[in-house]
Chemist: 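If you scroll down you'll find the structure; I have some questions about it.
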There are 2 protein chains.
Amino acid sequence: MKKKTNKPTLRTVAEACGVRPATVSRVLNKVDNNFSVKPETRDLILKTALDMAYIPNTAARSLRRRRFDLVLIFGYDLPNFLPAATYGDMLGALVQRLNADGYQVNMTFPPPAGRKTAPLSCDGAVFIDTGDSELIDDFRRHAMPMLILNDRIEDCSWVAVDDTDGMRRLLAQLAAAGHRRIAYRCANKIHRLQSHQSISDRYQTYQEWARTHEMKMVTDYDQSMSNHEFIDAVQETGCTAVATYDEKLAMSFYQSCLERNLGIPEDLSLVAFDKPVNYDLMPKITAMWQPAEQMGEAAAEILLRQIKGRSSGPEQMVMKLNLHEGASIAPPPLPDGARLMEMA
Amino acid sequence: MKKKTNKPTLRTVAEACGVRPATVSRVLNKVDNNFSVKPETRDLILKTALDMAYIPNTAARSLRRRRFDLVLIFGYDLPNFLPAATYGDMLGALVQRLNADGYQVNMTFPPPAGRKTAPLSCDGAVFIDTGDSELIDDFRRHAMPMLILNDRIEDCSWVAVDDTDGMRRLLAQLAAAGHRRIAYRCANKIHRLQSHQSISDRYQTYQEWARTHEMKMVTDYDQSMSNHEFIDAVQETGCTAVATYDEKLAMSFYQSCLERNLGIPEDLSLVAFDKPVNYDLMPKITAMWQPAEQMGEAAAEILLRQIKGRSSGPEQMVMKLNLHEGASIAPPPLPDGARLMEMA
DNA sequence: GTGAAAGCGCTAACAA
DNA sequence: TTGTTAGCGCTTTCAC
């Protein structure tokens with residue numbers, strides 16, 4: 001066991017090569033504005049650095065360069081939310097784009113209480129499903145590049161989706177299949193601690209649709225209901241289709257329908273938002289999916305512009321949801337009388 | 001728009017207070033070994049720092065302190081694997097423990113090619129599902145504290161599970177219910193690019209079981225088979241139970257069984273490894289779950305010992321899997337003849 | 001083609 | 001109770 005692991009520094013390497021640290025730095029960073037290195041010293045330095053397993057000290061480098069080449073992702077709940085499937089894709093695209101421009105990407109978990117040094121340890125930040133407004137404020141005060149992904153915050157850059165349009169198209173899809181009475185299951189009061197734009201957007205669109213189509217609303221927006229209570233309400237009011245706030249609610253509702261021998265879509269049509277995890281193992285539900293990759297990429301582009309100062313003020317972007325056709329919509333079942341007439 | 005965002009530094013704050021940077025540093029870092037600050041200057045400094053929104057520069061601090069207060073998690077594929085559910089819990093516990101000791105935790109995504117500065121930008125690292133042995137080598141060469149989570153690498157610290165024991169108990173569970181012929185679906189050749197200890201552990205245990213119980217092996221370990229081909233094999237050989245390598249395979253197999261009107265567990269018993277995502281929405285399968293929280297915590301403890309130099313050499317830890325009882329085991333269905341006898 | 005020197009912002013040992 | 005000083009390891013301008 002060695003007494004002390006003296007990590008090689010620029011100076012160590014330089015001494016081993018009989019040159020000065022500055023030269024080593026130039027060689028390793030491939031400073032090529034005017035070919036200022038003799039090939040043999042260059043090779044010697046390269047070889048020595050490799051042999052000694054030299055790794056530049058990030059702190060020193062960042063301090064000097066005044067830049068970190070690092071983007072932080074804040075999404076404290078991501079371990080829970082990543083299973084929303086769509087975030088994996090979104091972040092994948094985001095990271096790839098940032099990497100292409102030389103930025104390392106780190107996802108940070110909640111920092112120890114009292115430590116809030118983040119704004120001065122990266123070049124920019126992406127907030128996703130993070131309600132940490134204090135941190136966002138800090139970034140803003142320090143004029144640090146940042147972007148909100150999948151939500152909207154005033155005076156910030158963000159990339160979000162058009163839930164109003166999404167809900168409208170979802171309802172239109174059901175209407176096109178012949179549905180006139182549609183219920184909306186959202187369970188927001190119960191499931192969501194902090195409110196998200198999508199909650200009100202989707203609900204209000206449902207409300208608007210009900211008004212313009214003279215349709216009686218059947219929803220659990222204002223009250224907490226179990227799946228079975230909701231199914232009761234659906235049946236009592238003669239709804240022939242149900243829209244749910246997200247895929248989790250949809251799957252859970254689907255299970256409850258099975259338990260009651262309610263076939264989907266034969267007896268009840270079902271639509272939702274979001275792509276479920278393990279999509280191929282799940283019942284195929286027609287749903288509005290986020291354009292995950294595009295969102296990630298757009299976010300990266302905007303953030304990069306902010307970082308490189310090529311942007312004046314916040315940029316905001318709304319994207320359309322994609323209708324993903326499953327097998328959960330059918331024409332409404334005919335009422336018993338009508339069925340008899342049809343058979344005759 | 002301000003001309004230039006002059007971020008406040010220690011010096012800025014010090015000048016505003018009429019003291020020297022060192023004093024500010026002492027106050028903000030609560031150096032309290034001997035109450036060396038006059039209350040009024042202390043308050044002034046605190047207030048000024050807050051007003052100016054002073055945030056220490058991480059790079060400068062780390063450079064000087066020779067420490068980052070940061071642990072990096074490497075798991076490049078985590079966005080894909082987190083949906084394995086168990087990792088969310090594992091990381092949650094790990095992070096919490098490290099936070100408690102004042103360490104920030106970042107999960108890093110693949111760094112831009114050619115940049116391998118990680119070993120000198122953190123105090124320690126956790127590798128999870130990462131086959132980046134080059135990076136691991138770098139950490140080792142620099143004698144940086146690190147730990148492999150959920151896998152084993154020679155001469156490293158790691159926390160892993162006892163898959164041999166797990167498989168044995170799973171098979172024993174089936175045997176206790178009366179099963180004598182058990183098939184093993186692993187599909188490893190197809191699904192796993194890089195090999196994991198669990199693959200051979202589980203397979204070899206199955207093999208051993210077959211030998212000692214004089215049971216004919218029915219498995220796809222050496223050949224690629226579709227679910228339906230596998231079901232064919234199961235039926236031809238009269239197997240009454242199937243064990244699968246993981247929950248994904250189990251779920252997928254389950255679906256295929258439904259398609260063939262094979263009831264689980266009435267017609268076929270099924271066991272697996274791992275906890276599925278959205279467990280409450282999934283069919284309840286008896287499976288071996290990782291003790292996720294304990295693993296995360298143990299990993300944190302070991303890593304902390306390494307970081308604080310309280311450890312001599314690598315520490316390795318094997319944990320038992322937990323049997324999670326679902327509803328996928330039943331006694332084997334009686335052969336037709338036997339069933340008649342029973343009824344008589 | 002390479003060296004000298006300054007300094008990024010912070011902390012810790014020492015001095016007063 | 002506070003100031004002075006040195007320097008962490010690196011990059012970059014300027015000089016030769």
Side-chain angles (χ1 to χ4, degrees), chain A residues 4-46 49 52-69 115 117 119-123 142, chain B residues 4-46 49 52-69 115 117 119-123 142:
Chain A
K4 202 175 164 187
T5 317
N6 270 324
K7 305 209 172 94
T9 70
L10 265 195
R11 202 159 57 81
T12 330
V13 179
E15 280 166 3
C17 294
V19 293
R20 312 264 79 200
T23 311
V24 179
S25 171
R26 276 187 286 241
V27 168
L28 294 183
N29 289 306
K30 305 196 204 348
V31 178
D32 53 358
N33 32 9
N34 40 6
F35 297 104
S36 48
V37 199
K38 207 196 307 185
E40 52 207 68
T41 25
R42 206 191 73 100
D43 292 346
L44 176 60
I45 289 170
L46 251 27
M52 303 178 80
Y54 168 75
I55 293 179
N57 179 314
T58 330
R61 170 176 281 184
S62 302
L63 177 58
R64 177 62 229 229
R65 287 189 175 168
R66 299 159 148 280
R67 138 174 86 85
F68 297 84
D69 297 320
R115 286 192 51 214
T117 59
L120 290 190
S121 52
C122 64
D123 302 311
H142 286 264
Chain B
K4 202 176 162 187
T5 317
N6 270 321
K7 305 211 172 97
T9 70
L10 265 194
R11 201 158 58 80
T12 329
V13 178
E15 280 167 4
C17 295
V19 295
R20 313 261 81 198
T23 311
V24 179
S25 171
R26 276 187 288 241
V27 169
L28 295 182
N29 289 304
K30 305 197 201 350
V31 177
D32 52 359
N33 31 9
N34 40 4
F35 297 103
S36 50
V37 199
K38 207 199 304 186
E40 51 207 68
T41 26
R42 204 191 74 100
D43 292 346
L44 176 61
I45 289 171
L46 249 30
M52 302 178 80
Y54 168 74
I55 294 179
N57 180 315
T58 332
R61 170 176 282 182
S62 303
L63 177 58
R64 177 61 230 231
R65 287 188 177 168
R66 302 158 146 281
R67 138 175 85 87
F68 297 83
D69 297 320
R115 286 192 51 214
T117 58
L120 289 190
S121 50
C122 63
D123 302 312
H142 287 264

Chemist: More than 12 foreign heavy atoms under 6.0 Å from CZ of B:R65: is that the case here?
Modeler: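 Correct, the count exceeds 12.
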Chemist: Heavy atoms only: give me the nearest B:A59-A:S62 pair and the separation to one decimal.
Modeler: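 Closest pair (atom of B:A59, atom of A:S62, distance): CB-CB, 3.8 Å.
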Chemist: About how many Å separate CG of A:L46 and CG of A:L28, when rounded to the nearest 0.5 Å?
Modeler: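 Going from CG on A:L28 over to CG on A:L46, the span is 6.5 Å.
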Chemist: Would you indicate whether the side-chain heavy atoms of A:F68 and A:T58 approach each other to under 4.5 Å?
Modeler: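 Result no, sub-4.5 Å side-chain heavy-atom pair not found.
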Chemist: Check B:L120 against A:I55 and note the closest heavy-atom contact, atom names and distance.
Modeler: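 It is CD1-O, 3.0 Å.
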Chemist: CD of A:E15 versus C1' of C:dG3: gap in Å, rounded?
Modeler: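 Result: 15 Å.
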Chemist: With rounding to the nearest 0.5 Å, note down the distance linking CG in B:N57 to CG in A:L63.
Modeler: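 One finds 6.0 Å between CG of B:N57 and CG of A:L63.
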Chemist: Reading nucleotides 8-16 of chain D 5' to 3', which nucleotides get B (base under 4.0 Å from a protein heavy atom), which S (sugar-phosphate only), which -?
Modeler: BBBBBB---
Chemist: Measure the spacing between CZ of A:R42 and NZ of A:K30 and express it to the nearest 0.5 Å.
Modeler: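 These two atoms lie 8.0 Å from each other.
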Chemist: End-to-end bend of the helix from C:dG1-D:dC16 to C:dA16-D:dT1 (five-pair axes, 10° rounding)?
Modeler: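 Between the axes fitted at each end of the helix from C:dG1-D:dC16 to C:dA16-D:dT1 lies an angle of 40°.
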Chemist: Quickly work out the A:R20 CZ to C:dA4 P distance and round it to whole Å.
Modeler: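 These atoms are roughly 5 Å apart.
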Chemist: How about B:V19 and B:I45: do any of their side-chain heavy atoms sit closer than 4.5 Å?
Modeler: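 Sidechains of B:I45 and B:V19: in contact.
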Chemist: Using whole Å, report how far NZ of A:K38 lies from C1' of C:dG3.
Modeler: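 Distance check: A:K38 NZ to C:dG3 C1' gives 14 Å.
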Chemist: Think A:T41 has a side-chain N or O under 4.0 angstrom from the OP1 or OP2 of C:dT2?
Modeler: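 A:T41 to C:dT2 OP1/OP2: side-chain N or O found under 4.0 Å.
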